[in-house]
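Quick notes on the structure that follows.
Residue numbers begin at 1 in each chain, while the letters A, B, ... track the order of the sequences. Keep in mind it's a predicted model, so treat the numbers as computed, not measured.
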Amino acid sequence: MSDLRVRFAPSPTGYLHIGGARTALFNFLLARKEQGTFVLRIEDTDVERSTQESVDAILQAMDWLGLSYDEGPFYQSDRYDLYKSKVSELLEKGHAYRCYCTSDELNAKREEATKSGGHPRYDGTCRERIDQPDAPFVVRFKTPQEGSAAFVDRIKGTISVENAELDDLIIQRTAGNPTYNFVVVIDDAEMGITLVMRGDDHVNNTVRQIPMYEALGYEVPEFAHVPMILGADKKRLSKRHGATSVMDYKVMGYLPEALVNYLVRLGWSCGDEEIFSMTDLIDKFSLDNVGRSAGVFNPEKLLWLNEHYIKTGDPERLGGLVAELLEGQGVVVSDGPDMASVVKTLQERAKTLVEMAEGARFYFEAPISYDEDAATKFLNAEKRGVLELLIKHLGALADFTFEDVENAFKAVMEESGLKLGKIGPTVRVALTGGTVSPSIYDVVTVLGQDAVVTRLQKASASIS
RNA sequence: GGUCCCUUCGUCUAGCGGUCAGGACAUCGGCCUUUCACGUCGGUAACGCGGGUUCGAUUCCCGCAGGGAUCACCA
């Protein structure tokens, strides 16, 4: 156990997206690597947009990815009393003040400032105000106006900004609830977070938050800002670039280990290595190898990784997953062939579980009709003889192993004088209804004697 | 627009003063083959630009250009 304490702090205003997942993953990996503590905190100070459904969706996605946390989830909405007391503390110490400017006034000022080329920041109207009228107010933090704020980012290096660039942030809304930039400081400090790792888009917040740590008498933690994930057009990844929700990938038939592997390699590397199990990652992950520039999300590479994990995955486990999909489509798998055997015939030809389920369907449902072109080509009068031979030899088998099946086919080839190239397609159409399937001996073996003979007979009968 | 950050093949990246600039995805060819795939062999493809520093810059420094982030009573 080390002193490292990191956290993932999503706001429950939607599903867990790709970018958030990567941030969570990095935090998780570092915590595990350093044997530190990974805290989950739900940032729900935006009461308008936060929902319980979103919390559940995020938790579910993290669970699917295998990102477990040691503490939490903590909800900021449960901690309002703490925030309140901290606001009072800052008010008393003179580090904060009441601001009576209305949003309308502020917007107008901002607009005017922008128009005249100035900085659209708060002008400090109420900063030195001493009266306290009986009117709605927000509380603002008194940001130092001189000097500069600097910190050493664990990923980006030294970052510094002149304090004069900063304005006085609102820390408590008119409604009395606190804002993000304030509670994040309190929570990270109170939860003993030693390293704040979050998205790049928070860099600018960091320099505003540091003075708050100081005003509150907290120790300032370390920071690490991970670069953004972009779409193919180099714009911030969004829905128009395709699926951005982690769980979307689950329904598209992706394996969690593929997504984890892809996400970690987007922005992090370990020499020339491409394939990492979670165990590898916990062993090898380090902030030193995290890149500083934004990365483009590449669905093709993710697909390739998924293909890899399907190819190398445990047939039993994949079978369970495929069975689930099939059942979801109303396919009864319980009295069909052994699922793991089915999976083995498909592992090298499916890139996703969804594809695999499609490819597996015929094992459980005999073809209702035959592909028209395929039937005219491979299920015509001249094929009838071969079909009958097949039925004879395969039907006569006492055992139905791969070798037995192979031998039966050999016998048919010998008796008919036809090569496998002439027989295979016919069998394929008869058994699967189409022209694409796993290797024909595998299909026959896995499908089993009864089903094979029945389908062959049906095909033979269909030839008029 | 201000501020901050970033910049190696189309994409993800290795590189940490001297390399034929490496790998992976994608792409293009060949091979394998009972369909579709898998596999396999090989090819195309990058250091944004301009100045320095240095015997020598992809690598260090400074400009420029381009890209991103942020400037809310959102997080």
Side-chain angles (χ1 to χ4, degrees), chain A residues 9-13 43-46 48-50 76 99 101-103 106-107 110 113-114 117-122 136-140 153 155-157 159-162 164-167 169-175 177-181 183-184 198-208 225 227-228 230 232 234-236 262 265-275 289 291-305 307 311 346-351 355 359 374 378 409 419-429 432 434-441 443:
Chain A
S11 59
T13 54
E43 311 231 318
D44 56 353
T45 51
D46 184 348
E48 303 286 303
R49 300 195 298 154
S50 299
Q76 291 185 321
C99 171
C101 301
T102 66
S103 341
L106 260 18
N107 287 335
R110 221 174 352 251
T114 313
H119 291 190
R121 350 195 302 255
Y122 178 61
F137 64 89
V138 299
V139 177
R140 284 183 188 271
D153 191 278
I155 291 171
K156 293 176 175 287
I159 292 174
S160 84
V161 174
E162 296 299 315
E165 293 296 330
L166 279 23
D167 60 356
L169 242 33
I170 290 171
I171 58 176
Q172 186 181 84
R173 301 182 178 95
T174 310
N177 55 329
T179 60
Y180 166 78
N181 271 298
V183 299
V184 75
R198 75 233 297 198
D200 220 349
D201 48 338
H202 287 282
V203 177
N204 292 284
N205 288 327
T206 306
V207 288
R208 299 155 169 273
H225 288 94
M228 300 277 88
L230 278 21
K234 303 266 180 114
K235 299 277 185 230
R236 193 178 181 147
Y262 177 71
R265 275 289 289 108
L266 217 186
W268 174 85
S269 62
C270 184
D272 282 343
E273 288 183 66
E274 292 289 348
I275 305 296
N289 300 314
R292 301 112 301 163
S293 51
V296 174
F297 184 78
N298 183 344
E300 271 103 39
K301 188 152 182 181
L302 169 58
L303 186 60
W304 171 73
L305 279 164
E307 194 182 342
K311 215 174 298 175
L346 261 7
Q347 277 180 295
E348 302 222 309
R349 55 197 89 226
K351 294 185 198 300
E355 264 183 45
F378 305 117
F409 268 83
K419 288 184 179 172
L420 186 58
K422 292 285 173 193
I423 304 175
T426 297
V427 178
R428 179 166 286 112
V429 179
T432 73
T435 53
V436 176
S437 87
S439 166
I440 203 65
Y441 292 162
V443 169

Tell me what [X] touches on the nucleic acid: a base, only sugar-phosphate, or nothing, going by heavy atoms under 4.0 Å.
{"X": "A:C101", "answer": "base"}
{"X": "A:N177", "answer": "nothing"}
{"X": "A:G359", "answer": "nothing"}
{"X": "A:N205", "answer": "base"}

Exercise for the section: Show your reasoning for whether salt bridge (charged side-chain N to carboxylate O under 4.0 Å, His left out) applies to A:D200 and A:K156. Expected result: CA-CA 10 Å; A:D200 220 349; A:K156 293 176 175 287; 3.3 Å; yes
Look through every strand shown and name the nucleotide pairing with [N] as Watson-Crick or G-U wobble, where both distances are under 3.5 Å.
{"N": "B:rU27", "result": "B:rG43"}
{"N": "B:rU53", "result": "none"}
{"N": "B:rG48", "result": "B:rC64"}
{"N": "B:rC16", "result": "none"}
{"N": "B:rC9", "result": "none"}
{"N": "B:rA69", "result": "B:rU3"}
{"N": "B:rU33", "result": "none"}

Side-chain contact test, heavy atoms from C-beta onward, threshold under 4.5 Å: evaluate it for [X] versus [Y] and give yes or no.
{"X": "A:F409", "Y": "A:I423", "result": "yes"}
{"X": "A:I159", "Y": "A:V203", "result": "yes"}
{"X": "A:Y262", "Y": "A:F297", "result": "yes"}
{"X": "A:P227", "Y": "A:S293", "result": "no"}
{"X": "A:I171", "Y": "A:P178", "result": "no"}
{"X": "A:T206", "Y": "A:H225", "result": "yes"}

Handout entry: A:T435 to A:A374 - nearest heavy-atom pair and separation
Key = CG2-CB, 3.5 Å
Measuring only the [atom1] atom in each nucleotide, how far is [N] from [M]? A whole number of Å is fine.
{"N": "B:rG10", "M": "B:rC5", "atom1": "C1'", "result": "24 Å"}
{"N": "B:rU59", "M": "B:rU54", "atom1": "C1'", "result": "13 Å"}
{"N": "B:rU7", "M": "B:rG63", "atom1": "P", "result": "16 Å"}
{"N": "B:rG50", "M": "B:rU40", "atom1": "P", "result": "42 Å"}
{"N": "B:rU27", "M": "B:rA37", "atom1": "P", "result": "12 Å"}
{"N": "B:rG39", "M": "B:rC60", "atom1": "C1'", "result": "46 Å"}
{"N": "B:rC49", "M": "B:rG30", "atom1": "P", "result": "36 Å"}
{"N": "B:rC61", "M": "B:rG66", "atom1": "P", "result": "22 Å"}

Exercise for the section: Would you mind checking if A:R236 and A:D201 are paired as a salt bridge, meaning a charged N to carboxylate O distance below 4.0 Å? Expected result: yes
Problem - Salt bridge present between A:R349 and A:E307 (N-O < 4.0 angstrom) - result: no
Handout entry: Any N/O donor-acceptor pair, A:T174 side-chain to B:rC73 base, under 3.5 Å
Key = yes
Roughly how many Å is it from [atom1] in [X] to [atom2] in [N], rounded to a whole number?
{"X": "A:E165", "N": "B:rG1", "atom1": "CD", "atom2": "P", "answer": "15 Å"}
{"X": "A:R265", "N": "B:rG23", "atom1": "CZ", "atom2": "P", "answer": "14 Å"}
{"X": "A:L305", "N": "B:rA26", "atom1": "CG", "atom2": "C1'", "answer": "13 Å"}
{"X": "A:D167", "N": "B:rG2", "atom1": "CG", "atom2": "C1'", "answer": "12 Å"}
{"X": "A:R140", "N": "B:rC73", "atom1": "CZ", "atom2": "C1'", "answer": "8 Å"}
{"X": "A:L166", "N": "B:rC4", "atom1": "CG", "atom2": "P", "answer": "11 Å"}
{"X": "A:L302", "N": "B:rC12", "atom1": "CG", "atom2": "P", "answer": "15 Å"}
{"X": "A:R198", "N": "B:rC4", "atom1": "CZ", "atom2": "P", "answer": "18 Å"}

Compare the minimum distances between each of [options] and the side chain of [X], then state the nucleotide with the smallest one.
{"X": "A:Y180", "options": "B:rA75, B:rG22, B:rC12", "value": "B:rA75"}
{"X": "A:S11", "options": "B:rA75, B:rA26, B:rC6", "value": "B:rA75"}
{"X": "A:K156", "options": "B:rC6, B:rC4, B:rC25", "value": "B:rC6"}
{"X": "A:R49", "options": "B:rG23, B:rU7, B:rA75", "value": "B:rA75"}
{"X": "A:R208", "options": "B:rC71, B:rC4, B:rU11", "value": "B:rC71"}
{"X": "A:V138", "options": "B:rA75, B:rC12, B:rC73", "value": "B:rC73"}

Fill in the blank from the handout: Whichever of A:N298 and A:V161 has the more 5' nearest nucleotide on RNA chain B, that residue is A:V161
Handout entry: Closest-nucleotide 5' rank along RNA chain B - winner of A:G291 and A:E274
Key = A:G291
Handout entry: Distance below 4.0 Å between A:S293 side-chain N/O and B:rC5 OP1 or OP2
Key = no
Exercise for the section: Give a yes/no answer on whether the side chain of A:S269 brings an N or O atom under 4.0 Å of OP1 or OP2 in B:rA14. Expected result: yes
Practice task
Please determine if A:R140 forms a cation-pi arrangement with A:Y122, meaning its NZ or CZ atom is less than 6.0 Å from the six-membered ring centre and no more than 45° off the ring axis.
Solution key: yes
Handout entry: Mutual orientation of the aromatic rings belonging to A:Y180 and A:H202 [parallel < 30°, tilted 30-60°, perpendicular > 60°]
Key = tilted
Problem - N/O donor-acceptor pair under 3.5 Å between A:S11 side chain and A:D44 backbone - result: no
Completion exercise
Given protein heavy atoms under 4.0 Å, the one-letter contact record of nucleotides 33-44 of chain B, with B base, S sugar-phosphate only and - none, is simply -BBBBSS-----
Within the sub-3.5 Å range, which N or O atoms of nucleotides 67-69 of chain B have a protein N or O partner, and how far apart are they?
unit_1	atom_1	unit_2	atom_2	d
B:rG68	OP1	A:K235	NZ	2.5
B:rA69	O3'	A:R236	NH1	3.4

Practice task
Assign B:rC38 to syn or anti; the rule is syn for a glycosidic angle within 90° of 0 and anti otherwise.
Solution key: syn
